[in-house]
Amino acid sequence: MSTFLTQDSLNNAIDDVITNAKKFIVITSPFIKLDDHYKERFNLIKNNPNIYLRILFGKNEDNLYRSMKSEDLDYFKSFPNVSIIYEPKLHAKSYINESEGIITSMNLYDYSAINNVEYGVYFTKSKLTDKLYQEHEDYHYELLENSAHCIYIKRPVFKTTLLGLSKNYLRSEVLLDLFSSFDPNKRGYKRIVYQDIDVGSLDDNEVVPNLKTRSEKRQEKVKKNVKVVKPTPKNTNTATNKKPKGYCIRTGSEIPFNPERPFCYNAFVTWNKYGDENFKEKYCHFSGEPSNGETCFAKPILRKNWKKARIYI
């Protein structure tokens with residue numbers, strides 16, 4: 001279902017996208033200025049670590065705070081599960097949760113909501129409109145991959161209990177914070193790509209170091225004193241010692257070589273709906289050749305290629 005909205009109907013629909021969220025909210029707006037009305041809505045989900053908030057804002061590359069004021073940035077940084085991403089050419093505006101969305105002319109800006117003539121199209125994630133929802137999602141991720149700058153990521157940390165059947169929220173960890181140093185025009189600056197560091201959440205074991213036994217420490221000392229001669233890489237994919245290209249095990253498209261991430265983004269989203277690590281896939285992550293179902297997430301490289309591939313892991 002899609003509906004053309006204006007005036008109060010548009011404002012109310014944007015409010016609903018925020019307050020109806022159960023899993024995530026994606027805010028895309030070049031200019032963001034929160035008034036008390038918007039904060040009332042965000043406060044309803046602010047302390048819920050299971051609701052992921054992604055903010056994509058833009059313009060004013062020389063001064064981020066002309067696109068979003070520092071107090072609003074600090075407000076969003078206080079959320080337990082949030083990413084803040086900057087797109088210098090952004091002009092589009094949309095508001096999406098896991099079941100509904102709006103593409104509109106209106107910024108998340110109190111002045112726009114009260115004074116401007118704005119309109120938009122509301123749609124739901126249903127069989128009739130799923131193509132619109134999916135195409136919006138796909139294009140959004142193209143921006144994240146190709147041009148947007150990831151500048152802040154915070155993720156919740158959970159402790160798994162009852163044999164992994166439930167989890168308790170402990171705290172949140174900041175994985176990235178570039179606000180004080182962000183300067184794309186600075187010499188040597190390298191853009192941080194969102195997909196390179198994104199994770200849904202953290203397990204407590206991943207952030208609390210495991211203490212090693214005395215015997216483990218002794219073994220590490222022995223290994224440090226042993227000089228290891230690494231074999232010269234021989235790989236059909238490259239004539240140099242550089243890490244070879246990888247291939248998505250579902251689509252065969254080129255991706256960075258990483259056996260722990262053998263999918264392109266869209267394939268990963270599809271796979272992650274079920275998360276079956278042994279589901280048979282189509283291609284070898286190392287060579288790109290058809291695998292005829294002999295590869296999977298748990299074993300992304302064909303057995304015959306493993307000897308060649310392991311020197312790059």
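- You'll find the ring centres of W271 and F297 inside the 6.0 Å limit.
- For V17 against I102, the heavy-atom pair with the smallest separation is CG2-CD1, 4.1 Å.
- Open room surrounds NZ on K69; 12 or fewer heavy atoms of other groups in view lie less than 6.0 Å from it.
- Looking at K154 and K77, their side chains never come closer than 4.5 Å, going by heavy atoms from C-beta outward.
- Of the possible donor and acceptor atoms, none in the side chain of H285 sits under 3.5 Å from a partner among the backbone N and O of I301.
- In this structure, OG1 in T3 is found 11.5 Å from CG in L10, a value given to the nearest 0.5 Å.
- When the side-chain hydrogen bond (donor to acceptor under 3.5 Å, both in side chains) test is applied to S147, the partners found at least two apart in sequence or on another chain are E87.
- Y141 and H136 share no donor-acceptor pair across their side chains, judged by distance under 3.5 Å alone.
- For the pair P244 and F257, the tightest heavy-atom approach, listed with the atom from each and the gap, is O-CB, 3.0 Å.
- The existence of a salt bridge linking R41 and D16 is excluded, since no basic side-chain nitrogen approaches an acidic carboxylate oxygen closer than 4.0 Å.
- Counting only heavy atoms from C-beta outward, the side chains of W306 and K299 never approach each other to under 4.5 Å.
- For the residue pair T124 and Y133, no side-chain donor N or O sits within less than 3.5 Å of a side-chain acceptor on the partner.
- Counting non-hydrogen atoms of other residues, nucleotides and ligands closer than 6.0 Å to CD of E71 gives a total above 12.
- The shortest side-chain heavy-atom distance between L73 and I84 falls under the 4.5 Å cut-off.
- Ring geometry for F263 against F268 counts as tilted: the plane angle lies between 30° and 60°, on a 0 to 90° scale.
- Residues T251 and C264 come closest through the heavy atom pair OG1-SG, 3.8 Å.
- Side-chain heavy atoms closer than 4.5 Å link hydrophobic residues (I, L, V, M, F, W, Y) into clusters, and following such links, even through other members, never connects L56 to V193.
- Of the possible donor and acceptor atoms, none in the side chain of S29 sits under 3.5 Å from a partner among the backbone N and O of N107.
- Applying the ring pair (Phe, Tyr, Trp, His ring centres under 6.0 Å) test to pairs two or more places apart or on separate chains, none has a residue in residues 93-114.
- Heavy atoms only, all atoms of each residue included: N305 and S287 are closest at ND2-OG, 3.2 Å.
- Using modelled atom types and a 3.5 Å distance limit, the side chains of H37 and N11 yield no donor-acceptor pair.
- Using modelled atom types and a 3.5 Å distance limit, the side chains of R54 and T28 yield no donor-acceptor pair.
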Criterion side-chain hydrogen bond (donor to acceptor under 3.5 Å, both in side chains) on Y52 and S83, from CA distance to verdict | CA-CA 8 Å; Y52 168 49; S83 297; 2.9 Å; yes
Apply side chain to side chain contact (heavy atoms under 4.5 Å, CB included) to the pair L178 and Y86, showing each step before the final yes or no.
-> CA-CA 11 Å; L178 300 181; Y86 180 79; over 6 Å; no
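- A salt bridge does not link K93 with E118: none of the charged nitrogens is closer than 4.0 Å to a carboxylate oxygen.
- No donor-acceptor distance shorter than 3.5 angstrom exists from the side chain of N185 to the backbone of R187, with no hydrogens or angles considered.
- Remark: K59 fails to qualify as a cation-pi partner of F31 under the 6.0 Å distance and 45° angle criteria applied to the six-membered ring.
- By the 4.5 Å heavy-atom criterion applied to side chains, L108 and I27 are counted as neighbours.
- N146 CG: more than 12 foreign heavy atoms inside a 6.0 Å radius.
- A donor-acceptor pair is defined here as one N or O able to donate and one able to accept, closer than 3.5 Å; such a pair exists between the side chain of T19 and the backbone of D15.
- Counting only heavy atoms from C-beta outward, the side chains of H149 and P184 approach each other to under 4.5 Å.
- For the atom pair CD1 (I55) and OH (Y152), the distance works out to 12.5 Å, reported to the nearest 0.5 Å.
- Within the 3.5 Å criterion, the main-chain N or O of K46 finds no donor-acceptor partner in the side chain of N43.
- D72 places a side-chain N or O within donor-acceptor distance of the main-chain N or O of L34, the cut-off being under 3.5 Å.
- Taking both residues in full, the closest heavy atoms of A21 and I51 are given as O-CD1, 3.4 Å, listed atom of the first, atom of the second, then distance.
- Looking at E98, its side chain does come within 3.5 Å of a backbone N or O of K23 through a donor-acceptor pair.
- Side-chain contact between S2 and Y122: absent, with no pair of heavy atoms (C-beta onward) separated by less than 4.5 Å.
- Two residues are said to be in side-chain contact when any heavy atoms from C-beta on lie closer than 4.5 Å; F57 and P30 fail this criterion.
- Checking Y283 against E289 by side-chain atom types alone, no donor-acceptor pair falls below 3.5 Å.
- Across all their heavy atoms, P300 and P262 have their closest contact at CB-CB, 3.7 Å.
- For the pair K39/Y75, a side-chain contact is recorded, criterion being any heavy-atom separation below 4.5 Å from C-beta on.
- Within a 6.0 Å sphere centred on CZ of F24, heavy atoms belonging to other residues, nucleotides or ligands number more than 12.
- Atoms OG1 and CD1, from T104 and I14 in turn, are 5.5 Å apart once rounded to the nearest 0.5 Å.
- Aromatic rings from F42 and F76 are positioned such that their centres are separated by under 6.0 Å.
- Counting heavy-atom neighbours within 6.0 Å of R303 CZ, excluding the residue itself, gives a total of 12 or less.
- Residue F4 is found in a hydrophobic cluster whose other members, listed by chain and number, are Y119; membership requires side-chain heavy atoms under 4.5 Å apart, directly or through intermediates.
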